[in-house]
Amino acid sequence: MDKNENYLINLSQKHPHELEALRPYAEENNVPIIHPLSLDMIKQLIRIHHSKQILEIGTAIGYSAMHFASVNQDIQVWTIERDETMQATAKENLANFSYGSQVHMIKGDARETFEDVQDKTFDMIFIDAAKAQSQKFFELYTPLLKEGGLVIIDNILYHDFVADIDVVRSRNVKQMVKKIQKFNTWLNDNPHFETNFLDIEDGLAIAIKGESK
Ligand code: SAH
Ligand code: MG
């Protein structure tokens, strides 16, 4: 790991949040929860932007959804997950950490759950599910984002592979990395969003709706 990154992670973990109790579980069970500095960045954006209604695609064990909700009691998070084991663990975690009134689970494949949220308007959308599908999720759900709202996409640099696809051996991974590259280019060229791509941990994109170039 990068020295600076390591230093900042240690600094930020001096006073760990109670939800950090979930990190060892995630690591042992290979659940790809968001990296700590990316999470800190998103939580700070939530504060700056005063986001209240948040949509998350990819709940896993509820770690990031609860962290977002923890910023402020007025925040409501709707979060979509297709995997039944994850759904069950997330449900338990929401109850154990008392976030049941702020975090709402939507069970199903995010390509098919638009109707569950179509009556809502969001201030922020966090895309963190199957990486090859990020563009699909973006196109499907951003009509529900208010003007000036944020879309945050995790893993846009996927394991350093997006910037250096030649080192990828596996055909499947290569295909996924190509999709991420295509998505990044498409988003960068999208006239309806102003996007900032960050080289922080696994890569984070922050897009603002309606700030056309
Ligand atoms: N946001 C979480 C981590 C999510 S990991 C955190 O940082 O704490 C990605 C999750 O997305 C996995 O649990 C996976 O099952 C889920 N997922 C992948 N593709 C999906 C889809 N099409 N619809 C819903 N969930 C999906
Ligand atoms: Mg992620």
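Below, each value reflects all heavy atoms present in this structure, side chains not excepted, and no hydrogens, waters or symmetry copies.
Counting heavy atoms of neighbouring residues, nucleotides and ligands inside a 6.0 Å radius, atom NZ of Lys52 exceeds 12 of them. When the shell of 6.0 Å around CG of Asn96 is examined, it contains more than 12 heavy atoms from other residues, nucleotides or ligands. Within a 6.0 Å radius of CD in Glu18, other residues, nucleotides and ligands contribute more than 12 heavy atoms. Within 6.0 Å of NZ in Lys178 there are 12 or fewer heavy atoms belonging to other residues, nucleotides or ligands. Environment of NZ in Lys182: sparse, with no more than 12 heavy atoms of neighbouring residues, nucleotides or ligands closer than 6.0 Å. More than 12 heavy atoms of other shown residues, nucleotides or ligands fall within 6.0 angstrom of atom CD in Gln118. Within a 6.0 Å radius of NZ in Lys179, other residues, nucleotides and ligands contribute 12 heavy atoms or fewer.
The closest side-chain donor-acceptor pair between Thr113 and Tyr141 falls under 3.5 angstrom. For the residue pair Thr59/Gln87, the side-chain donor-acceptor check at 3.5 Å is not satisfied. Side-chain N/O atoms of Tyr63 and Glu20 include a donor and acceptor closer than 3.5 Å. In this model, a donor atom of one side chain and an acceptor atom of the other lie less than 3.5 Å apart for Lys43 and His67.
Nearest heavy-atom pair across Glu81 and Ala60 is OE1-N, 2.9 Å. Summarising the geometry of Leu204 relative to Met41, their closest heavy-atom pair is CD2-CG, 3.9 Å, with the distance given to 0.1 Å.
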